[in-house]
Amino acid sequence: MDNLAIARVLGEIADLLEIKAENPFRIRAYRNAADAVAHAPERIETLDVSALRKLPGIGKDIAAKIRELVETGRMQHHQELLAEFPASLLDLLRLQGVGPKTAALLYQSLHISTIEELEEAARSGRLRTLRGMGAKKEELILKALEERRQHGGRHLLARARDLAAVLIAHLQPLAPGAEFVPVGSLRRGAETCGDLDILAIGGERALIRAFTANPLAERVLGEGDTKGSVLLRGGYQADLRLVPRESRGAALQYFTGSKAHNIALRDRAIGRGYKLNEYGLFDLATGQSVAGESEEGIYEALGLAWIPPELRENRGEIEAAEAGTLPRLIARADLRGDLHCHTTATDGRDTIEAMAAAARAAGLSYLAIADHSQSLTMVGGLDEAAALDHAARVRAVNARMEGIEVLAAIECDIRPDGSLDLAAECLAQLDLVVASVHSALDMDREQMTSRVLRALASPSVDVLAHPTSRLLLRRAPSALDLDAVIDAAAREGVALEINSLADRLDLGDVNARLAHSRGVALVIDSDAHGQAGFEALADGVTVARRAWLEAGDVLNTLPFDEFRRRLRRHRS
DNA sequence: GCCGTTTTCGGCCCGACTGTTTTCAGTCG
């Protein structure tokens, strides 16, 4: 049973307790525990009660319940709650505007427990007969149902960033003096974003109207004095918040989150006799403002170093900020090379020269051309002879190009049985081998793990690319014992990739941090299929920052000669 | 249900907006 499955059970308990209108602090305890489990780097099912209790937010009771779930596959408390309310009732909570109180009301008075029943009741006008609900609320629920059909809810980081840029470009000319900053999960660099939050610092009330009337907005969800909220075409919710300049830091801090980070920070504020909100840090006794103009000032007043937004997940950053042990996070400018890109030889759009020139223009000093191997017939994958011909062309380009080292590499498929797609003699003649899985992704855990482990054991392999094969919002990570893969990579000296493609970002932050903690070298690759593809490296760097990595933890920040010496094939 | 630099009991983050109310409950982030 993986961490997310355990976290889901704890989260469902929290939801069900909320519908029951139980003690809110007990509900929060379950939510905190679910969060701790979901983001724990170690495999929860392998931990005993005392190890579980070391996790923040997990105490005696929940630790015992987790063990019960892992050992028996069920949790009695969870089952009892599900006997009171059908599991389908939980789906209603995901609808915009429907919370636990409404769900309870719907269930108890109209016996509604599924999305379909809710829709039928709304269409037939029965919802408005309930106390506290009117025609307007009924309309709202119908709209929420429609939106649910259209969009799953979350969106890729890269897409969110682009949309935010469009919105800001629309607003900036209307308020030349105001400063617009995207906050929330976008500023934290989370791999997917649920909605867009934008601050307008020093903006006027009229901006709210301009925002809700912007050409991308499909529907206005709310409009007040300090906040406007719209649904954009394509299913994004976007919020604009007006913030006075004197609260700039407090607002940035507050709206950047994460929620868990903010709760921990406000808790710390209270412990020191302060109150922290989006307007500033205030002395509880006198009401006097202590800080608020800058984020640095707020963290400083709480006895903390400023914490980079990527780390604000309450995963140890507050303790590190207090102890002065925050990492010096890697930056895009630290990257000197890229080990994974494609050309017209397979599914890339540009030539070797064009890709090398684009990489050089992107500030890189070495680039590995890693086109596909033969099993990917769809894209014209290279067999041994073609791979060596291609390598000769790459080396010819390298010989005549200034300012960048171009390496002859391959992205070699790992076949279902774990063997490599090209003969070892061929792979040995290349400068670098990136291995990856592209087919037979639905293997069971045992098969997939031994497949990847066998590939890692091959001396030809230098890098394992996009290790879990996940596609964000589309395809779950393959069943893989990542623990075993990480240990093997550490043992064999194979680097694990953080792939920068918007829908991969694989490894993700939690697993990259875990791999680093076990002594695995990481690389950040673009997987570019065209000249513009190197821009994505910034997103790979964001993942690395969220994984607490410093420049020295990432192999392709090294100068070329040093990098070359560190490759598995050049070590004995 | 968790947790401890006042505490093993008594706390537990905070405010805006909406709809259905006529002073507030529910939802959201």
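Reminder, nothing fancy here: chain letters follow the sequence lines and each chain counts from 1.
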Residues in residues 275-287 of chain A with a heavy atom under 4.0 Å of DNA chain B, by number, are Lys275(A), Leu276(A), Asn277(A), Glu278(A), Tyr279(A)
Looking at every strand, decide which applies to Ile270(A) at a 4.0 Å heavy-atom threshold: base, sugar-phosphate, or nothing. sugar-phosphate
Which is true for Asp197(A) with a 4.0 Å heavy-atom rule: it touches a base, it touches only sugar-phosphate, or it touches nothing? sugar-phosphate
Is there a donor-acceptor contact under 3.5 Å from the side chain of Thr542(A) to the main chain of Ala538(A)? yes
The single option from Arg43(A), Arg445(A), Arg518(A) passing salt bridge (Lys or Arg N to Asp or Glu O under 4.0 Å) against Asp483(A): Arg518(A)
With a non-hydrogen cut-off below 4.0 angstrom, is Tyr254(A) in contact with a base, only sugar-phosphate, or nothing? base
Between dG11(B) and dT7(B), how far is it from one P atom to the other, in whole Å? 14 Å
Have a look at Pro24(A) and say if it touches a base, only the backbone sugar-phosphate, or nothing, with a 4.0 Å heavy-atom cut-off. nothing
Pick base, sugar-phosphate or nothing for Leu95(A), based on heavy-atom distances below 4.0 Å to the nucleic acid. sugar-phosphate
Contacts of Tyr30(A) meeting side chain to side chain donor-acceptor pair (under 3.5 Å) (sequence neighbours excluded), chain-then-number -> Lys65(A)
Among pairs that include at least one residue of residues 176-188 of chain A, which meet side chain to side chain donor-acceptor pair (under 3.5 Å), considering only residues two or more places apart or in two chains? Glu179(A)-Arg248(A), Arg187(A)-Thr256(A), Arg187(A)-Glu295(A), Arg188(A)-Glu313(A)
So what does Ser229(A) hit on the nucleic acid, given a heavy-atom distance under 4.0 Å: a base, only sugar-phosphate, or nothing? nothing
Kindly list each side-chain donor-acceptor pair under 3.5 angstrom involving residues 280-291 of chain A, sequence neighbours excluded, with atom names and distances?
residue, atom, partner, partner atom, Å
Asp283(A), OD1, Ala285(A), N, 2.8
Asp283(A), OD1, Thr286(A), N, 3.3
Thr286(A), OG1, Gln288(A), N, 3.1

Near DNA chain B, which residues from residues 125-142 of chain A have a heavy atom under 4.0 Å away? Gly132(A), Met133(A), Gly134(A), Ala135(A), Lys136(A), Lys137(A)
Report the nucleotide, chosen from dG1(B), dA16(B), dT27(B), that has the shortest atom-to-atom distance to any side-chain atom of Arg26(A). dG1(B)
With a 4.0 Å cut-off on N to O distance, would you call Arg94(A) and Asp15(A) a salt bridge? yes
Which atom names give the shortest non-hydrogen contact between Ser526(A) and Leu537(A), and what distance separates them? N-CD2, 3.4 Å
For Lys259(A), which contact category applies under a 4.0 Å heavy-atom criterion: base, sugar-phosphate, or nothing? base
d(CZ, Arg205(A); C1', dC17(B)) in whole Å: 12 Å
Using atom types as modelled and distance alone, determine if a side-chain donor or acceptor of Asp553(A) lies under 3.5 Å from a backbone N or O of Glu550(A). yes
In whole Å, what separates the C1' atom of dT21(B) from that of dT27(B)? 16 Å
Distance between the C1' atoms of dC24(B) and dT20(B), in whole angstroms? 9 Å
Side chain of Gln237(A) (C-beta onward), nearest among dG29(B), dG1(B), dT27(B): dG29(B)
Now, which nucleotide makes the Watson-Crick or G-U wobble pair with dT8(B), with each of the two distances under 3.5 Å? none
Roughly how many Å apart are dA16(B) and dC12(B), using the C1' atom of each and rounding to a whole number? 22 Å
With sugar-phosphate meaning primed atoms plus P, OP1 and OP2, does Asn23(A) contact a base, only sugar-phosphate, or nothing at under 4.0 Å between heavy atoms? base
Provide the full list of side chain to side chain donor-acceptor pair (under 3.5 Å) pairs with a residue in residues 197-212 of chain A, sequence neighbours left out, each pair given once. Arg205(A)-Asp225(A), Arg209(A)-Glu223(A), Thr212(A)-Glu223(A)
Between Arg161(A) and Asp539(A), does at least one N-O distance fall below 4.0 Å, as a salt bridge requires? yes
